[in-house]
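Heads up, the thing below is written out as structure tokens.
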Protein chains: 2
Amino acid sequence: MVEEISTRKEKVLKAIIQEHILTAEPVGSRTLARKYDFDFSPATIRNEMADLEEMGFLEQPHTSAGRIPSDLGYRFYVDRLMEGELEKPVSLKRYLKELSRQKSGVEDIMSGMARMLSRMVQYTAIVSEPGFSESKISRLELLPISSRKLLLIVITSSGLVNDKIIQLEKKLTEEELENLNRILSRRLTGRKISTITGPFLQDLEEELKRRLNYAAEIIKRLEDEITGILDKQEMKIYLDGTSYILEQPEFSDIQSLKRILKVLEREEELRKLVAGLENELEVKIGAENKIQEMQNCSLVVATYRLQGGGTGRVGVIGPTRMEYPRVISSVDLTAELISKIISSSGR
Amino acid sequence: MVEEISTRKEKVLKAIIQEHILTAEPVGSRTLARKYDFDFSPATIRNEMADLEEMGFLEQPHTSAGRIPSDLGYRFYVDRLMEGELEKPVSLKRYLKELSRQKSGVEDIMSGMARMLSRMVQYTAIVSEPGFSESKISRLELLPISSRKLLLIVITSSGLVNDKIIQLEKKLTEEELENLNRILSRRLTGRKISTITGPFLQDLEEELKRRLNYAAEIIKRLEDEITGILDKQEMKIYLDGTSYILEQPEFSDIQSLKRILKVLEREEELRKLVAGLENELEVKIGAENKIQEMQNCSLVVATYRLQGGGTGRVGVIGPTRMEYPRVISSVDLTAELISKIISSSGR
DNA sequence: TTTTAGCACTCAAAGAGCTAGAGTGCTAAC
DNA sequence: GTTAGCACTCTAGCTCTTTGAGTGCTAAAA
């Protein structure tokens with residue numbers, strides 16, 4: 001894998017990939033020599049190509065066609081050849097201003113960013129709502145709605161608001177509610193969300209029982225809801241620019257199109273896709289994605305972090321033949337933007 | 001338009017439409033005679049077809065092909081021929097139970113219903129969030145988040161919760177906030193949302209100024225937000241089953257596919273599409289839609305009404321060659337379900 | 001008068017054959 | 001080690017033909 005590779009081979013590989021990204025066609029030695037003026041001939045290129053193919057970086061659709069990059073080829077490109085091409089597309093500030101003006105709710109920000117990103121790169125964009133496990137609760141409130149319904153409101157340190165309606169089986173008096181509210185507020189405010197787990201909850205339950213002597217059932221219910229609202233696995237996914245997929249020649253046959261559009265409808269799948277990553281910025285090329293139907297796709301995902309501690313993901317889904325440099329910078333930029341915008345609106 | 005049409009012609013037209021819906025192919029006299037055993041011959045059918053074509057109910061893609069229904073043909077079918085075919089697909093109760101269990105937020109309900117409907121009919125489903133203008137405010141609360149930020153919470157009589165973060169330019173003391181809260185709550189609780197307009201707002205502003213002597217600016221800001229949150233034109237649109245479009249043979253060429261998928265991404269467009277209807281249940285066939293790109297599509301939309309007074313829309317988007325009876329009953333059913341579920345969770 | 005059988009005609013879709021052109025790999029010369 | 005030259009390969013696109021479902025018209029039958 002870590003074979004040595006001559007600079008000339010690198011040059012050829014890079015040119016092939018760039019050309020293929022541009023045209024979506026197999027590229028041949030002739031065209032390559034014509035477009036890029038190398039100081040060696042098509043014949044030499046052919047030899048290098050044969051080598052590169054043997055090394056696994058290129059593939060040949062059929063004997064008399066040009067070469068196309070393999071997943072491995074793209075991988076090498078992204079890891080080693082792309083460097084110089086990266087650029088910050090434009091200044092953050094311009095976008096920041098424009099976006100932070102009208103938008104305010106998390107939802108609007110998320111969908112706005114997804115839209116912006118997809119427009120920018122001309123591929124499908126995906127944004128996941130921030131998870132809260134690393135942020136703190138800065139405020140917690142229970143409002144009665146009707147005799148059996150409460151509205152639980154939790155504001156996190158990153159300035160995001162969550163609410164959820166809670167159905168109770170037993171009626172609560174005003175006093176009981178006030179008590180409950182006070183206890184929960186005292187115990188939970190300022191607490192890091194990831195620490196609200198088993199032992200702590202048990203302790204909380206004890207206290208509630210002691211101080212309010214409710215039925216354990218009700219308390220349990222409440223706790224479920226609280227933990228549910230907080231470390232919800234169910235972070236919402238925002239997609240935009242799905243139709244850009246149609247522009248890609250590799251998806252010009254309905255079958256493959258159908259396959260990938262179907263995947264984009266399965267939210268859980270996307271969540272897994274985007275969540276299961278370790279690095280700050282990750283590029284998954286072709287078959288590196290575990291999802292069968294996405295073997296022809298690449299995924300570029302970055303992590304954004306909010307001041308208060310929440311984290312989420314932004315990404316782009318496109319064909320393996322993707323303009324990696326441009327996409328990577330844009331995704332990066334967007335992640336940064338999201339942090340900035342939410343943090344500023346959270347002030 | 002209100003031409004008389006013989007029962008035999010009706011029979012033929014109905015058979016053609018049903019056959020075409022099934023096969024997506026032009027239908028000829030021969031096949032028709034074979035499949036449906038009429039008591040008249042293909043030749044007669046041909047004559048009737050020629051008549052029906054002249055009347056505008058049928059079209060011929062080219063001279064030597066069979067006939068396909070025109071928009072007018074479908075219209076006639078939906079208005080006059082379809083009757084007997086309508087059926088309630090299944091009992092409401094089963095769905096109701098299943099759905100109302102875990103789902104609780106409006107968002108979840110809406111997206112859940114969109115998903116269910118699209119699965120049921122195998123076309124794209126669209127659901128719009130309920131508008132509030134006809135319901136009342138049952139509770140209103142302002143919570144401080146930070147020195148310059150308030151959380152405005154409005155609960156409507158239909159049991160739906162809305163919240164919005166409000167940025168203030170001036171700091172508020174606790175007392176001022178309490179005052180503000182009390183006044184707003186007193187003046188707005190129980191009020192029908194559509195009546196919160198110009199004169200009433202002016203009056204409210206006067207009172208606020210008198211009682212709190214804030215800068216008019218701040219008050220204005222607050223009012224904007226309140227009215228914004230309430231009669232927001234920006235009702236969210238939930239789409240599901242977009243990929244079902246790909247199953248339709250009429251969209252097997254990428255161009256038309258692209259056109260319609262692009263439309264489905266423009267939320268404002270969809271909002272208009274779904275909102276601009278007068279009747280409780282409306283069927284828009286082909287060119288009856290004003291949207292250019294949807295000339296090959298039909299739209300079936302029903303209105304749902306919540307107990308407290310909100311209304312929204314549910315619909316299905318599919319090819320003109322749509323299984324109208326099944327779709328209409330399903331859309332109807334779904335509208336009913338939505339009312340029931342939200343009303344029951346709103347109790 | 002209405003319906004039907006028969007027939008000549010039409011047209012798209014599918015298959016067969018052909019050509020052009022871009023590309024390759026190999027060999028031999030530089 | 002590099003390159004020019006050449007024979008060979010394979011697809012995409014073109015035309016040509018065939019096939020078959022379908023029509024409209026006419027004349028006979030009901």
Side-chain angles (χ1 to χ4, degrees), chain A residues 4-13 15-17 19-20 22-70 73 249-250 252-254, chain B residues 4-13 15-17 19-20 22-70 73 249-250 252-254:
Chain A
E4 257 334 297
I5 183 170
S6 73
T7 22
R8 194 171 65 193
K9 278 197 176 52
E10 282 190 357
K11 239 173 165 175
V12 172
L13 181 55
I16 291 177
I17 291 183
E19 189 63 18
H20 181 67
L22 221 66
T23 62
E25 300 286 311
V27 344
S29 55
R30 226 189 160 57
T31 0
L32 208 61
R34 223 181 301 128
K35 283 214 184 176
Y36 298 68
D37 49 274
F38 293 130
D39 38 2
F40 38 87
S41 76
T44 312
I45 297 179
R46 278 204 287 285
N47 288 330
E48 298 291 31
M49 279 174 156
D51 291 355
L52 285 166
E53 183 172 359
E54 196 161 6
M55 294 162 90
F57 293 129
L58 295 179
E59 284 168 4
Q60 214 172 5
H62 57 266
T63 347
S64 75
R67 304 302 209 291
I68 58 173
S70 66
E250 37 267 88
S252 62
D253 90 295
I254 299 274
Chain B
E4 258 331 302
I5 182 169
S6 74
T7 23
R8 194 172 62 192
K9 278 196 178 48
E10 284 189 357
K11 240 175 166 172
V12 171
L13 181 55
I16 291 176
I17 291 183
E19 189 63 17
H20 181 68
L22 221 65
T23 63
E25 300 286 313
V27 344
S29 56
R30 225 189 162 58
T31 1
L32 207 61
R34 224 182 301 128
K35 283 216 184 173
Y36 297 69
D37 49 272
F38 292 130
D39 39 3
F40 39 88
S41 77
T44 313
I45 297 178
R46 279 204 286 284
N47 288 330
E48 298 290 30
M49 279 174 157
D51 290 355
L52 285 166
E53 184 173 358
E54 195 161 7
M55 296 162 89
F57 293 128
L58 295 179
E59 284 168 3
Q60 216 171 5
H62 57 267
T63 345
S64 73
R67 304 303 209 290
I68 58 174
S70 67
E250 35 268 87
S252 62
D253 90 295
I254 299 272

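Computed over heavy atoms, backbone and side chain alike; hydrogens, waters and symmetry mates excluded.
Along DNA chain D, read 5' to 3', the first and last nucleotides having any atom under 4.0 Å from a heavy atom of chain B are dG22(D) to dG24(D).
At the heavy-atom level, Arg34(B) lies nowhere under 4.0 Å from the strands shown. At the heavy-atom level, Arg46(B) lies under 4.0 Å from base atoms of the strands shown. At the heavy-atom level, Ala65(B) lies under 4.0 Å from the strands shown only through sugar-phosphate atoms.
Among residues two or more places apart in sequence or in another chain, the salt bridge (Lys or Arg N to Asp or Glu O under 4.0 Å) test is passed with Glu25(A) by none. Residues meeting the side-chain contact (heavy atoms from CB on, under 4.5 Å) test with Thr63(B), sequence neighbours left out: none.
Toward the 5′ end of DNA chain C lies the nearest nucleotide of Pro42(B), the other residue of the pair His62(B) and Pro42(B) mapping further downstream. Mapping Phe40(B) and Ala43(A) onto DNA chain C via the closest heavy atom, the residue that lands nearer the 5' end is Phe40(B).
A sub-4.0 Å separation between OP1 or OP2 of dG23(C) and a side-chain N or O of Thr31(A) is present. Contact check, Arg8(B) against dT2(C): no side-chain N or O comes under 4.0 Å of OP1 or OP2.
For a distance-only test at 3.5 Å, the side chain of Thr63(B) fails to qualify as a donor-acceptor partner of the base of dT10(C).
More than 12 heavy atoms of other residues, nucleotides or ligands shown are found within 6.0 angstrom of NZ on Lys9(A). When the shell of 6.0 Å around CZ of Arg30(B) is examined, it contains 12 or fewer heavy atoms from other residues, nucleotides or ligands.
Look at CD on Glu25(B): it is 14 Å from P on dA12(C), rounded to the nearest Å. In this structure, the CZ atom of Phe38(B) is 12 Å from the P atom of dT4(C), given to the nearest Å. Going from atom CD of Glu59(A) over to atom C1' of dG23(C) covers 17 Å, rounded to whole Å. Taking atom CG of Asn47(A) as the reference point, atom P of dG23(C) lies 17 Å away to the nearest angstrom. Taking atom CD of Glu48(A) as the reference point, atom C1' of dG23(C) lies 18 Å away to the nearest angstrom. dG23(C) atom C1' lies 8 Å from atom CD of Gln60(A), rounded to whole Å.
Between the side chain of Ser29(A) and the backbone N or O of Ala43(A) there is no donor-acceptor pair closer than 3.5 Å.
Annotation: side chain of Ile16(B) is in contact with side chain of Leu32(B) (closest heavy-atom distance under 4.5 Å).
Of the charged side-chain nitrogens involved, none lies within less than 4.0 Å of a carboxylate oxygen, so that Arg67(A) and Glu59(A) do not count as a salt-bridged pair.
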